[in-house]
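Proteins come first, then strands; the chains are lettered A, B, ... in the order of their sequence lines, and each starts at number 1. Computed from heavy atoms alone, side chains included, the values below leave out hydrogens, waters and symmetry copies.
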Number of protein chains: 2
Amino acid sequence: MKMAQLSAVSDTPIATIKFYQRENLLPVGERTGPNQARYDSTHLRRIRLVRGLIDVGGLSVAAARAVIEAIDSELPLSETFGVAQRSVSDLLDPAGIDAGALARVDAIMAGWCVSADNPGRLAAASVLETFDEIGHVDHRGWFAAYASAALLVAEADLDEVDALPDREAKAETVVVGTVLGDALFSGLRRAAQEHVSALRYPATHPNPARVTEPPEE
Amino acid sequence: MKMAQLSAVSDTPIATIKFYQRENLLPVGERTGPNQARYDSTHLRRIRLVRGLIDVGGLSVAAARAVIEAIDSELPLSETFGVAQRSVSDLLDPAGIDAGALARVDAIMAGWCVSADNPGRLAAASVLETFDEIGHVDHRGWFAAYASAALLVAEADLDEVDALPDREAKAETVVVGTVLGDALFSGLRRAAQEHVSALRYPATHPNPARVTEPPEE
DNA sequence: CTGGTATAGACAGTAAAGCTATCCGATAGC
DNA sequence: GCTATCGGATAGCTTTACTGTCTATACCAG
């Protein structure tokens, strides 16, 4: 496959493909001459991965490069998890986070075994701090529901990774699952909000909304 | 309170406060003279809300303006929900989404009552499409776990809003909950991944990670 | 074998977003 | 009166993610 075809089939401008190569998001093609190279399905797949991470997952180019390097590396899987996790959240200075908010996060995650510098823990604390500053307090265990849900999802994530055969597949699923999983959940959550709201307040949904087929079992 | 104090107490540069005023994210102060104005705690609160939406929630300035206008308006709560939902996801063209991916989302959301153009439904479908293009298929009900978790969270969100007294409080919670809720969940999810992973593979976590206090009941 | 198109690689240019800095005339408070 | 600060307007800056242009080849249809 030549450049023009790769561009056509991936629906990505040639200039952008060249940019991704410069940024080490995409390997250069197999050289067949001084100004000729050939591309194959691995390049196509990589372009789709990059665009998925950037467009759907919302990663920056730099973050996408970091997770792609983690997939390609031979690092242990737990390291890959760490890279993926850091890629989806800007790095927070642990010192800059309110101790009270951290304590509340830890209360919500009661019984969990999580290292002190886990980026998710710090990110959650800074969210709680923000809720606090705006004057929103969790009276009724609102946030605890988030923790139960997060645990449910994390179990499913690990189940999925465990079921895969080799490191390469596991690593890519860890990254893709971490990045796209956030996007998937937030989409489903918004749909669920409409569903729950429609159930509770039928009056404000006068025109019957779409109902998906209930499972037939 | 004068500009310098507002800047100091909100930890936001004067130039940035002026920028927010220009962008209609923040009302101008109460005028006390041709070139003097006074600010109060509502301005401080608003600055914190704006910074929370932008820094923690990751909204653009334009999206932050949209949701703030929705809070201030007298629109029915269901409209406010819609504005908040659209603010967290770039608008997707329903025509550009793979029908197969949409069908799979609908299968995951079996029995839910959701309108066809719900932005969350479309966003989830485009995530599934991306999973597909990269060659990740959901064999074992991975995504169904996301849907159950999303339902759990949506119930909690609605519970929280229902418990509030007036429209103003409900509207702000809808917006803040939608925007910051995504960030909170993804943080907790990442912490939960470490927890689950530590439970399943103690060997790769040689140094005992932090364990939060289990509930004492 | 020849001319139009494609190619790799280097590098400059662009557009949007989100601030940030400077200037101006006026005024507040000592 | 003097100096710091004010509101308001406008211009400039920095980063990010491309996009376009240029050059020297190389492929390929006729």
In terms of ring plane angle, is the pair B/Phe143 and B/Phe131 parallel, tilted or perpendicular, where the classes change at 30° and 60°?
tilted
Expressed in angstrom and rounded to an integer, what is the separation of A/Ile14 atom CD1 from D/dG20 atom C1'?
13 Å
For a quick check under 3.5 Å, do B/Tyr146 and B/Asp138 share a side-chain donor-acceptor pair by atom type?
no
Please check: side-chain N/O of B/Ser7 versus main-chain N/O of B/Met3, any donor-acceptor pairing under 3.5 Å?
no
Using whole Å, what does the distance between atom P of nucleotide C/dA8 and atom CD of A/Glu30 come to?
13 Å
Rounded distance (Å) that lies between atom C1' of D/dG7 and atom CZ of B/Phe19:
17 Å
What's the separation between atom CZ in B/Arg140 and atom CG in A/Asp159, rounded to the nearest 0.5 Å?
9.0 Å
Residues B/Ser115, A/Glu194; criterion side chain to side chain donor-acceptor pair (under 3.5 Å); working and verdict:
CA-CA 8 Å; B/Ser115 56; A/Glu194 181 180 343; 3.0 Å; yes
Would you please confirm or rule out a distance under 4.0 Å between OP1 or OP2 of D/dT19 and any side-chain N or O of A/Thr16?
yes
Name the residue closer to the 5' end of DNA chain D, choosing between B/Arg38 and A/Ala62 according to the nucleotide with the nearest heavy atom.
B/Arg38
Send over the distance from A/Arg65 CZ to D/dT16 C1', rounded to a whole Å.
12 Å
Side-chain donor-acceptor pair present, B/Ser89, A/Arg190, cut-off under 3.5 Å:
yes
Phosphate OP1/OP2 of D/dT25 contacted by A/Arg31 side-chain N/O (<4.0 Å)
no
Rounding to an integer number of Å, can you tell me how far A/Ile54 CD1 sits from D/dT16 P?
13 Å
Can you check whether A/Tyr20 has a side-chain N or O nearer than 4.0 Å to OP1 or OP2 of D/dC18?
yes
What is the distance, rounded to the nearest whole Å, between atom OH of B/Tyr39 and atom P of D/dT5?
15 Å
Test item: B/Arg167 and B/Thr80 side chains (from C-beta on) under 4.5 Å apart, heavy atoms
yes
Of A/Ala37 and B/Ser60, whose nearest nucleotide on DNA chain C comes first from the 5' end?
A/Ala37
Let me know the distance between CD of B/Glu23 and C1' of C/dA17, rounded to the nearest Å.
10 Å
When rounded to whole Å, the CD1 to P distance for the pair A/Ile17 and C/dG9 reads 14 Å
So if I define the base as every atom that isn't primed, P, OP1 or OP2, how would nucleotides 21-30 of chain C read as a B/S/- string at a heavy-atom cutoff under 4.0 Å?
----BBSS--
